Amino acid sequence: MDALIDVNYDSEDKCIYLYLINKVLKERDFKPYFYVDATTKEINDFLSNDDNKNLLNYVENLESVRKIIINSNLNDSKNRIIERNFTKITVRYPKDVPKLRVLKELGEIYEHDIPFTKRYLIDSDIIPTTYYNNFEDKNRRTIINNNLPELKTISFDMEVYCEGREPNPEKNPILMTSFCSKDLKKVITYKPFKHKYMELVKDESELIKRTIDILKDYDIIYTYNGDNFDFPYLKRRAENLGINVFFDKTGNDDKKTEIGKKTKTQKHKQKIKISRGGIHLRSYIPGKVHIDLYPIARRTLNLTTYKLEDVSYELFGVHKLEVGHQNISNLWNNMDKNLVEYSFQDAYYTYKIGEYFLPLEVMFSRIVNQTLFEVSRMGSSQMVEYLLLKHSFKNNFLAPNRPSNREYQKRLREYYEGGYVKEPIKGMHENIVSMDFRALYPSIIISYNISPDTIDCKCCEDMSEKILGHWFCKKRIGLIPMVLRNLIERRKTIKKILKEKDTEKKELNSKNNKYYNEYYKLLNYEQKSLKILANSHYGYMAYPRARWYSKECAEVITHLGRTYIQKTIEEAEKYGFKVIYADTDGLYAVLNENSDKKTLLNKTYEFLNKINEKLPKDMELEFEGYYKRGIFITKKRYALIDENDKITIKGLEFVRRDWSNIAKKTQKAVLEILLKEGNVEKAKNIIKNIITDLKNGKIDKKDLIIYTQLTKDINEYKTTAPHVEVAKKILKKGGRLNIGDVIGYIITSGNKSISERAVLPEDAKDYDTSYYIDNQILPPVLRIMESLGISKDELRNVDKQITLEGFLME
DNA sequence: AAATCCGCCCTATTT
DNA sequence: GTAAATAGGGCGGATTTA
């Protein structure tokens, strides 16, 4: 029983290492290759040329093969897909491929930039993190089951001495490391702190050695920002102290075999490799799965800030002990045992977050067919791309190339129309129903067979009606619709199983055994990952760096989307609904004549049945929800309350990070009163009280902080903005900043510009009361009041804040 | 000279 | 490093007002 957890090309051994749980296999048969649009003769001639003689050494084999290529020139009168011969060039080593790219002088080269280990997973039939029988024998290899493999997981965190703002690995030592796993809780350090999880070692060198010793026996290592901090720091410290860092599992070296036969033992393969991935680093250890939870949290959750503490609170609702980086040195010097507790809590919550995200990542890894390490660092578009590469390979297609920089720049400038948004009927509404299309874009893609390899195919030109001047093949299913259909069908099956299990559970009304729970949970994760991937295909086709980019396809999809929602609005109105608001794939409506909830719901279901009969079979308009009340302010900004008094807020300041907490709290309180009771006077009172508190300095500093993200390098900003000015101050103090960092600041008093008065919360001596009243508290609540028909004049006679306050304070 | 308007840049949301 | 549609703050130059 074996399961693959990592794949690495060993450049010393010149072959692929397949890391299974507790076993390493070598794959020597698989060689790097790519394709050239030229004949073997042309290539042979080119390579026998004296200038290119050295290139010939790299080539292991030339072979003419039939492949299907997508003709991306839509104006071309040839077919959309063409099957013809290309030359497949197999080389000795991965690094030979870049050298042979000069062959593009002879004709376009294809699939020359797919990393070798990823290529291996595309071409092989191995699904990562899945149990197989007879793994070592390619012909007898069979999947046992879909259970989650028993992976040994551990979290790891490090504390470092820090004098200034940033620790310096040349000077500042590692103070302690902490770990958490199912059966291990430990903090290692070289000062005798008192704590139940403490392990004392002699010095930093021993600390590092002991740390490696612990980690090497685990399969998965969770960190929080380990990519950019813990591992690079650990590596550098170890180098400076002259320590060799190898993560080879105890006993692994004895079990290394060729596929089939035994070979000499080999050690010292698994060391930390730091590589650049865009602006960030990646810390990889061959054979281990390092999962950095920080980027996953950033991608998956929507929070103001993404400190470990914020994420723990979001996921588990617990506040963990927090220590500022600068305070670590103090705690260390004073032998404060809180440092140990803090360090352990970091490891503990990192572990919990890791276990929380792992199943979903495992599912992505299986579906996309790439390693956990890679998949946990991919965005949804990259996952779609690898999924498509897999299916492209299976169907004998040549994958389109990634765009050149020029092509990318060109694509960036291509705009097209998106979803339809109806101007809302502003103000308060009651008895509201909402309906939306289930997976609108994916279902359109499938229904119309929209794909770069089916658009405007010559074979179907005459028999097709044109959509924005385009049509799609009727004879052959396109690559993207095919992949999408697979995902959606599998998801449907899972949903059905889950539903059956659910009713079964209810009928039995009994406690479930463990197997049932695990099975159920896992299917639920699979279902979630399938949904995410399905929903990413439209965005993928419109993504300028995509191989299967097609602006035309994306344009047709949104066009059809607009048509369907507009048609639905029209039908709803004919049916006796008043549509209050609609955005892209869904709408909110009330009945024209006054009615109770029951009448409304009955009518809604009648309407849905009627509409769904007319829709293509893969498309469906669904009931989404019923709401007692709702306030609609503008497009993309509204709030609703359901029967359980649950409030949903969309787009308003309350859900945005770039507003102070006090402004958000006030808006929420006002909305709550208006939605629950419709009492305008009470709402005014809330505002009045907050303003009084603000004036009396009763507001907690934390509630005044405004958070804004840096979205580019500080020098690229063309305008002065508060968060940019604060960022400059941070840099001046010796701090480091990255693109994507979130800056928090408070506006202090004075009469200079707002940007000049923005300071870091820790530096704020006071705050500008009138700024917070005029620019933070009032605008968000006034917009709501105004939408209810309470004119600004009613609230403020002249435009001075003093007068408005006067009105509120009466 | 001050107040106001407006376009631009920028961020963050919704779908 | 999925897309477009959208609102709204702050800045700074242009325009209007006194």
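Small disclaimer: the values here were computed from a predicted structure and weren't measured. Throughout, protein chains are lettered first and strands after them, A, B, ... in sequence-line order, and every chain is numbered starting at 1.
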- From CA spacing to verdict: salt bridge (Lys or Arg N to Asp or Glu O under 4.0 Å), A:Arg547, A:Asp113: CA-CA 12 Å; A:Arg547 289 175 187 270; A:Asp113 53 358; 2.9 Å; yes
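What separates CD of A:Glu756 from C1' of C:dC11 is a distance of 11 Å, to the nearest Å. Atoms CG (A:Asp741) and P (B:dT11) sit 13 Å apart, rounded to a whole Å. For A:Leu412 and C:dA4, the CG to P distance is 10 Å, given to the nearest whole Å. To the nearest angstrom, P of C:dA4 lies 14 Å from CZ of A:Arg411. In this structure, A:Ile480 places its CD1 atom 14 Å from C1' of C:dA3, rounding to the nearest Å. A straight line from CG of A:Leu387 to C1' of C:dT2 spans 14 Å, rounded to a whole angstrom. Separating the CG atom of A:Leu388 from the C1' atom of C:dT2 is a distance of 13 Å, rounded to the nearest angstrom. Taking atom NE2 of residue A:His537 and atom C1' of nucleotide C:dA3, one finds them 15 Å apart after rounding to whole Å.
In this structure, A:Phe654 reaches neither bases nor backbone, as no heavy-atom distance under 4.0 Å exists between it and the strands shown. A:Asn302 comes within contact range of the sugar-phosphate backbone alone, with a heavy-atom separation under 4.0 Å but no base atom that close. Among the protein residues, A:Asn535 comes within range of no part of the nucleic acid, since none of its heavy atoms lies under 4.0 Å from any strand. Among the heavy atoms of the strands lying under 4.0 Å from A:Tyr771 are primed sugar atoms or P, OP1, OP2 only; no base atom is included. At a threshold of 4.0 angstrom between heavy atoms, the contacts of A:Gly539 include nucleobase atoms, whether or not backbone atoms are also involved.
Proximity of the aromatic rings of A:Phe472 and A:Tyr448 is defined here by a centroid distance below 6.0 angstrom, and this criterion is not met. Outside the 6.0 Å centre-distance limit, the rings of A:Tyr543 and A:Tyr549 are not counted as a close aromatic pair. For an aromatic pair to be called close, the ring centres must be under 6.0 Å apart, and A:Tyr588 with A:Phe632 satisfies this. Here the two rings, on A:Tyr638 and A:His429, have centers that are 6.0 Å apart or farther.
In this model, a side-chain donor or acceptor of A:Gln382 finds a partner on the base of C:dG1 within 3.5 Å. A donor-acceptor contact under 3.5 angstrom links the side-chain atoms of A:Arg656 to the base of B:dT11. Under 3.5 Å, the side chain of A:Lys635 and the base of C:dT6 form no donor-acceptor pair of N or O atoms.
Side-chain N/O atoms of A:Thr720 include one lying less than 4.0 angstrom from OP1 or OP2 on C:dG12. Considering only side-chain N and O atoms, A:Arg637 lies nowhere under 4.0 angstrom from the phosphate OP1 or OP2 of C:dA7. Distances shorter than 4.0 Å separate none of the side-chain N or O atoms of A:Thr708 from OP1 or OP2 on B:dT11.
The aromatic rings of A:Tyr416 and A:Tyr538 sit perpendicular to each other, their planes meeting at more than 60°, with 30° as the lower class boundary.
Residues A:Tyr420 and A:Ala542 each lie close to DNA chain C; by heavy-atom proximity, the contact nearer the 5' end of the strand is made by A:Ala542. For the pair A:Ser536 and A:Val421, both in contact range of DNA chain C, the more 5′-proximal nearest nucleotide belongs to A:Ser536.
Pair assignment for C:dA18 gives none, since no Watson-Crick or G-U wobble pairing has each distance under 3.5 Å. Pairing for C:dT2 is absent, with no Watson-Crick or G-U wobble pair whose two atom distances lie under 3.5 Å.
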